[in-house]
Amino acid sequence: MNIILFIAAFTVLSCSSDNDAANNEYNNPEVFAPVIDMNDNINLEITTDKAIYAPETQVKFNILGSIPEGAKIRIRHGANVVEEQPLTGNSFSWTAPSADNMGYMVDVYTLTDNKENIHGTIAVDVSSNWKRFPRYGFVGTYDASKTSSQIESDLNFLNRCHINGLQFYDWQNKHHCPLGGKPNELLDEYKDIANRQVLTSVVKDYISGAHQLGMKAMFYNLCYGALDDAKADGVSNKWYLYKNNKHSDIDKLDLSNEWKSDIFLLDPSNTNWQNYIIDRNNDVYSSLDFDGFHIDQVGDRGSVYDYYGGSVNLPKAFASFITAIKNARPEKSLVMNAVSRFGQQNIAGTGDVDFLYNEMWGSEDMFSDFGKVINENNYFSGNTMNTVFAAYMNYGKSGSQGTFNTPGILLTDAVIFALGGAHLELGDHMLCHEYFPNSNLQMSSELKKNIVAYYDFMTAYENLLRDGGQQTASDIVSGNQSICINAWPPLMHGVTAINRNVGNRQVINLINFSKANSLSWRDINGTQPEPTAFSNIPVRIKAAGVKKVWVASPDYIGGAPQQISFKQDGDYVLTTVPNLKYWSMIVLEK
């Protein structure tokens with residue numbers, strides 16, 4: 001679990017020019033000579049047959065490309081080799097160890113003149129349940145365009161990114177009666193809230209395909225939504241939320257006239273409504289092989305009342321709803337959205353959701369807000385639940401066709417992942433809007449390639465990034481006068497260090513804001529520039545008793561770890577970081 005204690009970190013720039021003594025140390029040619037890097041010859045595409053594996057099960061690798069002579073396949077946990085074998089063909093099988101909740105980096109390499117050539121990498125997550133390290137994706141369209149080959153293509157990419165759970169957004173017929181038809185009489189086709197075509201066969205095919213890849217399938221719905229025909233389906237006016245205490249003005253979401261209906265809101269704590277929707281959910285579970293319920297809300301509604309004029313505390317009502325839903329089907333997974341953190345403490349307090357999910361908006365649009373939310377969520381959950389962010393990128397461009405801005409996406413993902421969170425962004429397209437079917441923005445081939453590397457990195461090093469530890473203010477100084485390193489939170493035109501102590505390892509994530517034009521993660525108009533790439537950065541780190549130092553980056557050699565030389569100088573380590581583009585991770589083992 002992501003046990004992080006955020007310390008009020010100082011943000012004084014740590015430039016080498018500030019410390020003459022440090023400058024003298026950087027003159028040591030033995031430690032700070034340019035690092036001889038491993039060759040970056042990524043030319044093999046490696047895939048696995050699942051996104052997540054139970055311990056002691058078989059992991060199957062398929063390798064596309066010409067296997068070089070003398071190639072070996074190597075599996076590492078951190079920098080420690082778990083298994084290594086000659087690679088004689090384009091497929092390989094490995095039985096995962098018995099240890100649960102472990103991430104591994106797999107690479108194919110050759111050795112030439114004692115120099116490693118990395119030809120391909122992929123991560124493996126060995127976990128019996130997605131709850132520990134959720135990597136959440138989505139599906140948003142279920143019409144005739146979703147042929148079998150399209151569904152397979154969508155899921156194969158999500159599998160390559162190790163997505164272990166899918167939110168089925170707007171799959172439902174009606175919010176108060178989500179199933180299309182009756183349990184024994186399913187409709188072949190129906191319309192969603194936006195009057196879009198939904199084919200039941202497509203929903204089923206996505207579910208079965210996800211399950212074959214080890215992914216959970218979560219059906220989306222509001223905790224308190226009903227359409228205008230709900231009375232005919234047995235929903236009572238006494239169950240609704242009202243904007244006044246005279247039950248004369250039902251709270252609702254006004255939607256386009258081209259859509260099926262406005263959405264009318266009910267009291268989530270009303271037991272009659274809870275029992276009603278539990279029955280409707282049971283209809284869903286008896287007909288479709290969903291693993292759980294992704295519960296949505298629409299944020300703070302101001303003052304709202306029940307039918308009898310009593311004030312309704314929505315955060316408490318959310319907790320009541322979650323508890324009722326869980327008690328009805330304890331074997332099913334639950335996740336609930338906290339829109340701009342609304343109700344998150346109560347949601348977490350139930351202990352009945354698999355992880356915490358935050359939809360971030362303009363009031364929390366700074367990179368530093370990710371840290372604040374993770375900190376809060378750790379406190380709310382007693383350090384038992386990880387965090388997934390719904391954070392919509394390049395939002396100002398979402399009204400027209402275009403492509404995502406690669407630097408903005410990668411910088412935001414680097415921050416989220418380095419802090420221990422995950423990002424809901426990948427599905428049958430990449431998300432740019434809270435209405436998930438909006439697919440106006442597409443990933444370039446460059447971004448798609450980089451996204452795979454970033455998800456490999458988050459998965460392979462999940463035990464260093466998302467599995468406990470204590471975050472503290474970092475003490476790291478750059479010996480390059482043009483590079484200023486500051487402690488979290490980030491500053492413009494510098495490099496930010498996020499320091500976490502995990503067991504006997506000190507983990508320093510360096511995030512490059514050297515060219516950033518904003519400290520807002522949203523990159524609304526897609527203008528965040530590519531950072532300056534640095535190489536061979538001499539650094540001094542406060543760390544005693546260090547036995548080994550290694551680095552890894554999703555921007556370099558597929559995220560493979562690279563051991564580097566260092567000098568222990570009292571309570572400090574002197575070493576050289578080979579490269580930094582967006583994100584590099586230094587690990588000091590003690």
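Rounding to the nearest 0.5 angstrom, the gap separating the OG atom in S66 from the CG atom in N90 is 8.0 Å. The CG atom of N512 sits 9.0 Å away from atom CG of D555, with the distance rounded to the nearest 0.5 Å. If you take NZ on K146 and OG on S201, they are separated by 12.0 Å, rounding to the nearest 0.5 Å. For the atom pair CD1 of I541 and CZ of F566, the computed distance is 10.5 Å after rounding to the nearest 0.5 Å. The line from OG1 of T387 to CG of L419 is 10.0 Å long, rounded to the nearest 0.5 Å. Once rounded to the nearest 0.5 Å, the distance linking CG of N486 with CZ of F513 reads 8.5 Å.
Q528 approaches D523 most closely through the heavy-atom pair N-OD1, 2.9 Å. Here the shortest heavy-atom pairing between P68 and L44 reads CD-CD1, 4.3 Å. Of all non-hydrogen atoms in G120 and I46, the two that sit nearest each other are C-CD1, 3.5 Å. Contact record, V126 with A99: CG1-O, 3.8 Å, taken as the closest heavy-atom pair. Considering every non-hydrogen atom in both A560 and Y461, the closest pair reads C-OH, 3.9 Å. The two residues S482 and N480 have their closest heavy-atom pair at OG-OD1, 2.6 Å.
One N or O on the side chain of K397 and one on the backbone of T403 form a donor-acceptor pair closer than 3.5 Å. When atom types are taken as modelled, the side chain of S584 and the backbone of S553 share no donor-acceptor pair closer than 3.5 angstrom.
Residues K515 and E530 form no side-chain contact, since every pair of their non-hydrogen atoms from C-beta on lies 4.5 Å or further apart. Using a 4.5 Å heavy-atom cutoff, the side chains of T496 and L510 are not in contact. When side chains are defined from C-beta on, T459 does not count as touching V124, because their heavy atoms never get closer than 4.5 Å. T121 is not listed as a side-chain neighbour of I557, based on a closest heavy-atom distance of 4.5 Å or more. Inter-residue side-chain proximity for H211 and D289 is flagged as met; some heavy-atom pair is nearer than 4.5 Å. Considering only heavy atoms from C-beta on, T575 comes within 4.5 Å of V539 through its side chain. Counting only heavy atoms from C-beta outward, the side chains of N159 and M215 approach each other to under 4.5 Å.
D154 and H429 share no donor-acceptor pair across their side chains, judged by distance under 3.5 Å alone. Using modelled atom types, one finds no donor on one side chain facing an acceptor on the other under 3.5 Å when comparing E425 with Y392. Side-chain contact, Q58 with W94: no donor N or O sits under 3.5 Å from an acceptor N or O. Using a 3.5 Å distance cut-off with no hydrogens or angles, the side chains of K590 and Q506 do pair a donor with an acceptor. D413 and Y455 form no side-chain donor-acceptor contact under 3.5 Å, judged by distance and modelled atom types alone. A side-chain N or O of K548 and one of N80 form a donor-acceptor pair less than 3.5 Å apart. With hydrogens and angles left out, the side-chain atoms of D467 and N101 include no donor and acceptor closer than 3.5 Å. For the 3.5 Å distance criterion, the side chains of N394 and N405 fail to qualify, holding no donor opposite an acceptor.
Ion pair R135/D125 flagged as a salt bridge, since at least one NZ, NE, NH1 or NH2 atom sits closer than 4.0 Å to an Asp/Glu carboxylate oxygen. In summary, K216 and D354 do not engage in a salt bridge, as defined by a charged side-chain N under 4.0 Å from a carboxylate O. Ion pairing of R132 with D100 is absent here, as no side-chain N (NZ or NE/NH1/NH2) approaches a carboxylate O to less than 4.0 Å.
Under a cutoff of 6.0 Å and an axis angle of 45°, R540 and Y572 form a cation-pi pair.
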Show, in sequence, the C-alpha distance, side-chain angles and deciding distance for Q150 and E152, and conclude whether the side-chain hydrogen bond (donor to acceptor under 3.5 Å, both in side chains) test is met. CA-CA 5 Å; Q150 184 61 52; E152 182 179 14; over 6 Å; no
Before giving the answer on ring pair (Phe, Tyr, Trp, His ring centres under 6.0 Å), spell out for Y357 and H294 the whole-Å C-alpha distance, their side-chain angles and the decisive distance to 0.1 Å. CA-CA 10 Å; Y357 179 101; H294 179 99; 4.7 Å; yes
Test log, rule side-chain hydrogen bond (donor to acceptor under 3.5 Å, both in side chains), inputs W550 and E589: CA-CA 8 Å; W550 55 276; E589 300 192 3; 2.9 Å; yes
Just do the side-chain hydrogen bond (donor to acceptor under 3.5 Å, both in side chains) check on T472 and N499 with the steps written out, would you? CA-CA 6 Å; T472 63; N499 187 86; 3.0 Å; yes
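In the displayed structure, K448 atom NZ is contacted under 6.0 Å by at most 12 heavy atoms of other residues, nucleotides or ligands.
Under the 6.0 Å cut-off for aromatic ring centres, F290 and Y285 do not qualify, their centroids lying 6.0 Å or more apart. Taking the six-membered ring for Trp, F457 and F417 have ring centres at least 6.0 Å apart. Aromatic pair F370/H423: centroids not less than 6.0 angstrom apart. For Y169 and F138, the distance between ring centers is not under 6.0 angstrom. Separation of the Y53 and W130 ring centroids does not fall under the 6.0 Å cut-off.
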Show every donor-acceptor pair shorter than 3.5 Å between a side-chain atom in residues 105-114 and any protein atom, with sequence neighbours excluded, or say none if there are none.
residue : atom : partner : partner atom : Å
D107    : OD1  : R74     : NE           : 3.3
D107    : OD1  : R74     : NH2          : 3.1
D107    : OD2  : R74     : NE           : 3.3
D107    : OD2  : R76     : NH2          : 2.8
Y109    : OH   : E84     : OE2          : 2.4
T110    : OG1  : H119    : NE2          : 2.8
T112    : OG1  : N117    : ND2          : 3.3

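Using the six-membered ring where Trp is involved, F61 and F92 have ring planes that are tilted, between 30° and 60° apart. Between F168 and Y206, the ring planes lie perpendicular to each other; the angle is over 60°, past the 30° to 60° tilted range.
Within the structure, no pair that satisfies the salt bridge (charged side-chain N to carboxylate O under 4.0 Å, His left out) test touches residues 43-68, not counting sequence neighbours.
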